[in-house]
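So the structure is just underneath, and the comments pick up after that.
For the numbers below, each heavy atom of this structure counts, side chains included, while hydrogens, waters and symmetry mates do not. Letters A, B, ... are given to chains in the order of the sequence lines, protein chains preceding strands, and every chain is numbered from 1.
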2 protein chains.
Amino acid sequence: MGFTKKHIFNENQNLVANYTKVLGHPARISIIQQISDKKYCNCNELVKIIGLAQPTISQHLAEIRKIGLLKQTVKGKNLFYSINTEKLNICRRVVNDFFVKTQVSCGK
Amino acid sequence: MGFTKKHIFNENQNLVANYTKVLGHPARISIIQQISDKKYCNCNELVKIIGLAQPTISQHLAEIRKIGLLKQTVKGKNLFYSINTEKLNICRRVVNDFFVKTQVSCGK
DNA sequence: ATTTAAAATTGTGATATTGCAATATCACGT
DNA sequence: ACGTGATATTGCAATATCACAATTTTAAAT
């Protein structure tokens, strides 16, 4: 088939999976790291640093944007991306909660 | 293409992506939660609880096993899965490190 | 208005993933 | 040995993902 039966899972399970799915590609991990290291970063810079084609980077950026992890600032012809730290924090908490709850369940 | 250019990323980026990729499906999140809730759980129970076909659950279990998150105990004809808490802890730390480092980089 | 540069979108081919039916395997009980 | 129940494997169809060339869109600069 190829599609996911999301409806048979609860909201939190889909949420955790949604976040981790986006993180589940090294290019997106790298993009997030580069943007946070440089504070601001445009698409072209990422293309040069990472070594994937511009449309590919653009696509990955779009997926990271979908879960709200990026902010954008237009400066001339350049579009600078930065990390939405509030959202990153939420994401971290959601994922960490999954780990913690799982570990607690195991132990008791 | 459809394949990932892993060689252009560093070890840690691939590691983080590897872990999160496995977590990036609600069925696998659900399976991990069920096993940890019940301490021990066999395939059939998961099939009944989750509502996916036996081969599908078996496949998802195999992917979770690949990153070492599961222990197995044979009891008669049953194969009971439990969480490898040490590995889960490592996984949690790797993923959390990514979040923390990203946030620290942003802030400074 | 025209050129230029940056980034998104579109289209496409290759590969991966999801899900399941059918089958195979494995271990126990008879 | 044979049947039974549990799980893994195989094969397949549908869909999704990854990567990129070509194109379009956007906005500044000339």
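No engagement by A:Gln72 is indicated, since no non-hydrogen atom pair under 4.0 Å with the nucleic acid exists. A:Glu45 comes within contact range of no nucleotide atom at all, as no heavy-atom separation falls under 4.0 Å. Across all strands shown, A:Ser58 has heavy atoms under 4.0 Å from base atoms, whether or not it also approaches the sugar-phosphate. Using a 4.0 Å heavy-atom cutoff across all strands shown, A:Ile57 reaches no nucleic acid atom at all. As judged by a 4.0 angstrom heavy-atom cut-off over every strand, A:Phe80 is placed among residues making no nucleic acid contact. Residue contacts shown for B:Lys21 are limited to sugar-phosphate atoms, with no base heavy atom under 4.0 Å away.
At the phosphate of C:dA8, OP1 or OP2 sits under 4.0 Å from a side-chain N or O atom of A:Tyr81. Using a 4.0 Å cut-off, no side-chain N or O of A:Asn78 falls inside it from OP1 or OP2 of C:dA5. Phosphate proximity of C:dC20 to B:Thr56: present, with a side-chain N or O under 4.0 Å from OP1 or OP2. The phosphate of D:dT17 (OP1 or OP2) has no side-chain N or O of A:His60 nearer than 4.0 angstrom. Residue B:Lys75 has no polar side-chain atom (N or O) positioned under 4.0 Å from OP1 or OP2 of C:dA27.
Sorted by first and then second residue, the side chain to side chain donor-acceptor pair (under 3.5 Å) pairs involving residues 10-21 of chain B (not counting sequence neighbours) are A:Gln33-B:Gln13.
A straight line from NZ of B:Lys66 to P of D:dA8 spans 13 Å, rounded to a whole angstrom. When rounded to the nearest whole Å, the span between CG of B:Leu46 and P of D:dA8 equals 10 Å. In this entry the distance linking CD1 of B:Ile64 with P of C:dT18 reads 11 Å, nearest Å. With rounding to whole Å, B:Leu70 atom CG is found 15 Å from D:dA8 atom C1'. Look at CG on A:Leu52: it is 16 Å from P on C:dA7, rounded to the nearest Å. Atom-to-atom, NZ of B:Lys6 to P of C:dT15 comes out at 16 Å; the value is rounded to the nearest Å.
Out of C:dA8, C:dA6, C:dT18, the shortest distance to the side chain of A:Arg65 is found at C:dA8. The side chain of A:Gln59 lies closest to C:dG11, out of C:dA8, D:dT7, C:dG11. Here D:dC18 is the nucleotide among D:dC18, D:dC20, D:dT7 with the atom lying nearest to any side-chain atom of A:His25. Side-chain proximity of A:Lys77 to C:dA8, D:dA8, C:dT4: nearest is C:dT4. Set against C:dT15, C:dC20, D:dA22, the side chain of B:Phe3 has C:dT15 as its closest nucleotide. The B:Pro55 side chain lies nearest to C:dA21 when the options are C:dA21, C:dT18, C:dA8. Here C:dA6 is the nucleotide among D:dA6, D:dC20, C:dA6 with the atom lying nearest to any side-chain atom of A:Asn44. Side chain of A:Cys43, nearest nucleotide from C:dA8, C:dC20, D:dT7: C:dA8.
With rounding to the nearest 0.5 Å, the separation of CG in A:Asn42 from NZ in A:Lys48 is 7.5 Å.
Side-chain N/O atoms of B:Gln54 and base N/O atoms of D:dA8 include a donor-acceptor pair closer than 3.5 Å.
B:Asn89 and A:Gln103 share a side-chain donor-acceptor pair at under 3.5 Å.
Using bins of under 30°, 30° to 60° and over 60° for the plane-to-plane angle, the ring pair A:His25/B:Phe9 lands in the perpendicular bin.
Annotation for A:Ser82 and A:Lys39: closest pair CB-O, 3.2 Å, computed over non-hydrogen atoms.
Put simply, the residue from A:Val22, A:Ile83, A:Asn84, A:Ile32 that forms a side chain to side chain contact (heavy atoms under 4.5 Å, CB included) with A:Leu69 is A:Ile32.
Remark: the backbone N or O of A:Glu45 is not paired with any side-chain donor or acceptor of A:Lys38 at under 3.5 angstrom.
Summary of the strand contacts: A:Ala27 and A:Gly76 both lie near DNA chain D, and taking for each the nucleotide with the nearest heavy atom, the more 5' one is attributed to A:Ala27.
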